[in-house]
Trainee: 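Right, I'll just put the structure down here and ask away after.
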Amino acid sequence: MEFEFSVDENEAPPPSGFDLGHMDVRGDRGEASSRDRTPDQAMMIYLSLTLLLDSLRRFLPGRDRSCTTSVVDSSFSLTFRRGKDGSIETLHDGTVIDRSSAADLAGAVHTGAERFAGPRLPLLPEDDAGREDLEKSLAEFGNFVTQLQGERR
């Protein structure tokens, strides 16, 4: 499973934590993207990524059967559904994209988030609220992923 986050190519400088961007998700059963849709489904990517990380950090260790992500300024969403065997299905518009363990899903989201944040966050002002929120959420999610992977062993 792979998650890719990006700033929209039409976003005007200077960079901001409110920039619009896209989410692309590829799994063993399909893919979903916020790109090239009518109406446009670009989202405030820094804020939406923070919501995704925080939502999964609460959902994955819990008992809820499903969790639908919220994104900022877009109708794009993903749903995560827990199977009886503990596996997690990732869905978009009711179509299954992937089925994986909680640890594998969390690892894929974390990898995608790190790939996005590494080169993008330094471009934002240090006091940018979107930057601050994503840095905090990414650190907490990184600790969560480490804990999940340790439980798998």
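Throughout, residue positions are numbered sequentially from 1 according to the sequence presented. Because only heavy atoms are used, hydrogens play no part in the values below, and waters and symmetry mates are left out as well, while side chains stay in.
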Trainee: Ignoring hydrogens, what is the shortest heavy-atom contact between Ser137 and Thr50? Give both atom names and the distance.
Mentor: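 Shortest heavy-atom separation between Ser137 and Thr50 comes out as OG-O, 3.6 Å.
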Trainee: Only counting residues at least two apart or in another chain, list the ones meeting side chain to side chain donor-acceptor pair (under 3.5 Å) with Glu4.
Mentor: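 Glu4: side chain to side chain donor-acceptor pair (under 3.5 Å) contacts with Arg26.
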Trainee: Within the distance-only criterion (no hydrogens, no angle test), does the side chain of Asp28 pair as donor or acceptor with the backbone N or O of Asp98 below 3.5 angstrom?
Mentor: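 No, because the side chain of Asp28 does not come within donor-acceptor range (under 3.5 Å) of the backbone of Asp98.
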Trainee: Hey, are Ser77 and Thr69 close enough side-chain-wise for a donor-acceptor pair under 3.5 Å?
Mentor: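 The criterion, which ignores hydrogens and geometry beyond distance, is not satisfied for Ser77 and Thr69.
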Trainee: How many angstroms lie between atom CD1 of Ile88 and atom OG1 of Thr79, to the nearest 0.5 angstrom?
Mentor: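 The OG1 atom of Thr79 is 12.5 Å from CD1 of Ile88, to the nearest 0.5 Å.
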Trainee: Which residues satisfy the side chain to side chain donor-acceptor pair (under 3.5 Å) test with Ser33, sequence neighbours excluded?
Mentor: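 By the side chain to side chain donor-acceptor pair (under 3.5 Å) rule, Ser33 matches Asp24.
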Trainee: Tell me whether Arg82 contacts the main-chain N or O of Phe59 through its side chain, where contact means a donor paired with an acceptor under 3.5 Å.
Mentor: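 Looks like yes, one N/O pair under 3.5 Å.
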Trainee: Can you list every ring-ring contact (aromatic ring centres under 6.0 Å, His included) pair that touches residues 127-147, not counting sequence neighbours?
Mentor: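 Qualifying pairs: Phe141-Phe144.
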Trainee: Linking directly or through intermediates, with side-chain heavy atoms under 4.5 Å: list the remaining ILVMFWY members grouped with Val72, chain and number order.
Mentor: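 Members alongside Val72: Phe18, Leu20, Met44, Leu47, Leu51.
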Trainee: Which atom pair, heavy atoms only, marks the closest approach of Leu148 to Ala106?
Mentor: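 Distance-wise, the nearest heavy atoms are CD1-CB, 3.7 Å.
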Trainee: Kindly determine whether Leu134 and Arg120 satisfy side-chain contact (heavy atoms from CB on, under 4.5 Å), including the steps that lead there.
Mentor: CA-CA 11 Å; Leu134 183 52; Arg120 299 295 314 180; over 6 Å; no
Trainee: If only side-chain N and O atoms count, and only distance matters, is there a donor-acceptor pair under 3.5 Å linking Ser75 with Arg37?
Mentor: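 No - no donor-acceptor pair under 3.5 Å links their side chains.
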Trainee: Holding to side chain to side chain donor-acceptor pair (under 3.5 Å), I want the full list of residues that pass it with Asp85, two or more places apart in sequence or in another chain.
Mentor: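 For Asp85, the residues satisfying side chain to side chain donor-acceptor pair (under 3.5 Å) (neighbours in sequence not counted) are Ser87.
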Trainee: Salt bridge between Asp133 and Lys136, side-chain N to carboxylate O under 4.0 Å?
Mentor: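 Lys136 and Asp133: not salt-bridged.
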Trainee: Looking at Glu126, I want to see if its CD is surrounded by more than 12 non-hydrogen atoms of other residues, nucleotides or ligands under 6.0 Å.
Mentor: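 No, because the 6.0 Å sphere around CD of Glu126 holds 12 heavy atoms or fewer from other groups.
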Trainee: Checking Ser34 against His22: is there a side-chain donor and acceptor pair closer than 3.5 Å?
Mentor: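 Side chains of His22 and Ser34: pair found under 3.5 Å.
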Trainee: Pairs in or reaching into residues 78-117: which pass ring-ring contact (aromatic ring centres under 6.0 Å, His included), with residues at least two apart or in two chains?
Mentor: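 Sorted result for residues 78-117: Tyr46-Phe116, Phe76-His92.
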Trainee: Is there a donor-acceptor pair closer than 3.5 Å between any side-chain N or O of Ser48 and the backbone N or O of Val71?
Mentor: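 Pair absent, no side-chain N/O of Ser48 close to backbone of Val71.
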Trainee: Of the non-hydrogen atoms in Leu124 and Arg131, which two are nearest, and what is the gap between them?
Mentor: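 The answer is O-NH1, 2.7 Å.
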